[in-house]
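See structure below.
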Amino acid sequence: MTPRVTFAVAARVVAQLRRDHRTVAMLIVLPALLVSLMWWMFHDTPNTFDRIGGPLLAVFPAIIMFIVTSVATLRERSTGTLARLFTMPMGKLDFLLGYALAFALIAVVQAVVVVSISLYALDLDIRGAAWQLGLVAVLDGVLGTALGLFASAFAATEFQAVQMMPAVMIPQILLCGLFVPRDQLPDVLHAISTVLPLSYAVDAVSEVAQGNGFGDGAGVDALVVIGFVFAALALGAATLKRRTA
């Protein structure tokens, strides 16, 4: 891994995103719109929105980042761009880290927008610090990016890349504690949930919302999320194909 090459890949991806206004709008605006929709649905029961609003700040960014990055990476392979890039002194990990870094920058903007709207426009009630909630939301967006980069290695077309979303993300959404607290799940499902990264992303947001900052439970969950990010990138580098068969 060469930092100079990694930053060059990140700069290239950012330049591409700057020209793709629709994708940038989806990455930054769509999570805020979805959270606003959930607030509207539970307008008459604000306590319900206060309970699920925090976890949604983990779920929506992760899903959207997963879809965009998995399709974008697959497109690099299917168009032959990735094969041409690998003719230069660039490793697979350089490529994946560059993508992760570029989308991390988008995740920062995304988190600022969605957290600001949730707290100050939708009156989401949390006990923790807003900056900690924002930082966790950034980590969750980066988690979705890393999972998308890893999953794209198993897709041969952009359509298959999109199909990976329900296979990878929906089980995590169901078991992450958004609908039923994880400690109330049947034993087998609870055991499965403990090895799913989105469970810790939701737990980190929930801990911050409850006032347990990084010095308490949220810090451990955030570190686990970071561990999953690096694991997904490492596995992605090991399985990444240079071109689509």
Side-chain angles (χ1 to χ4, degrees), residues 13-14 17-18 20-43 45-72 99-148 165 169-170 172-173 176-179 197-214 218 221-222 225-226 228-229:
V13 175
V14 170
L17 289 172
R18 288 180 60 185
D20 190 349
H21 303 299
R22 286 178 295 183
T23 298
V24 172
M26 184 177 74
L27 289 170
I28 295 176
V29 177
L30 186 56
L33 289 178
L34 292 175
V35 172
S36 299
L37 178 61
M38 296 299 292
W39 168 82
W40 198 358
M41 289 172 57
F42 297 107
H43 184 263
T45 55
N47 289 336
T48 301
F49 178 71
D50 288 337
R51 180 178 61 82
I52 68 172
L56 290 177
L57 299 183
V59 172
F60 288 151
I63 293 174
I64 295 168
M65 286 294 199
F66 179 94
I67 295 173
V68 172
T69 52
S70 60
V71 172
Y99 253 82
L101 180 59
F103 279 93
L105 297 176
I106 297 294
V108 172
V109 181
Q110 181 190 73
V112 169
V113 171
V114 71
V115 170
S116 297
I117 289 176
S118 298
L119 295 181
Y120 306 117
L122 306 181
D123 293 325
L124 177 65
D125 185 21
I126 67 166
R127 298 179 183 177
W131 71 269
Q132 293 186 354
L133 187 64
L135 182 55
V136 173
V138 171
L139 289 178
D140 297 339
V142 175
L143 174 64
T145 297
L147 294 176
M165 195 284 290
M169 299 303 292
I170 288 183
Q172 297 192 69
I173 294 170
C176 70
L178 181 62
F179 301 104
L198 195 59
S199 298
Y200 298 93
V202 169
D203 285 350
V205 173
S206 298
E207 290 286 351
V208 172
Q210 294 169 11
N212 299 321
F214 291 150
D221 292 320
V225 171
I226 293 172
F228 273 113
V229 168

Inter-residue atom distance [X].[atom1] - [Y].[atom2], 0.5 Å rounding:
X      : Y      : atom1 : atom2 : result
Phe60  : Ile173 : CZ    : CD1   : 8.5 Å
Leu147 : Met165 : CG    : CE    : 12.5 Å
Ile126 : Ser118 : CD1   : OG    : 9.5 Å
His43  : Leu122 : NE2   : CG    : 10.0 Å
Leu27  : Ile106 : CG    : CD1   : 6.0 Å
Leu124 : Ser116 : CG    : OG    : 12.0 Å

So Asp123 and Pro46, do their side chains get closer than 4.5 Å, heavy atoms only?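 The answer is no, as the side chains (C-beta and beyond) never meet within the 4.5 Å cut-off.
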
Close side-chain approach of Leu143 to Tyr200, heavy-atom, < 4.5 Å: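 Not touching, per the 4.5 Å side-chain cut-off.
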
Grab the two heavy atoms, one from [X] and one from [Y], that are nearest each other, plus how far apart they are.
X      : Y      : result
Ala137 : Leu57  : CB-O, 4.2 Å
Thr145 : Ala100 : CG2-CA, 4.0 Å
Gln110 : Pro31  : NE2-CG, 3.6 Å
Gly54  : Val205 : O-CG1, 2.7 Å
Val138 : Val108 : CG2-CA, 3.8 Å
Ala222 : Ala204 : N-CB, 4.2 Å

Donor-acceptor under 3.5 Å ([X] side chain, [Y] main chain):
X      : Y      : answer
Gln172 : Leu198 : yes
Ser70  : Ile67  : yes
Asp125 : Asp50  : no

With sequence neighbours left out, write down each residue that passes side-chain contact (heavy atoms from CB on, under 4.5 Å) with Phe42, or none if nothing qualifies.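 Partners of Phe42 under the side-chain contact (heavy atoms from CB on, under 4.5 Å) test: Met38, Thr45, Thr48, Phe49, Ile52.
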
Check each of Thr23, Val112, Val109 against Ile28 using the side chain to side chain contact (heavy atoms under 4.5 Å, CB included) test, and report the only one that passes.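 Single side chain to side chain contact (heavy atoms under 4.5 Å, CB included) partner of Ile28 among Thr23, Val112, Val109: Val109.
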
Which one of Leu178, Val114, Leu34 satisfies the side chain to side chain contact (heavy atoms under 4.5 Å, CB included) criterion with Leu56?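 That would be Leu178; it is the only one of Leu178, Val114, Leu34 passing the side chain to side chain contact (heavy atoms under 4.5 Å, CB included) with Leu56.
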
Parallel, tilted or perpendicular, judged at 30° and 60°: which one describes the rings of Tyr99 and Phe103?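 Judged by the thresholds at 30° and 60°, the geometry between Tyr99 and Phe103 is parallel.
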
Starting from the C-alpha separation in whole Å, work towards a yes-or-no answer on side chain to side chain contact (heavy atoms under 4.5 Å, CB included) for Val14 and Leu105. CA-CA 9 Å; Val14 170; Leu105 297 176; 4.2 Å; yes

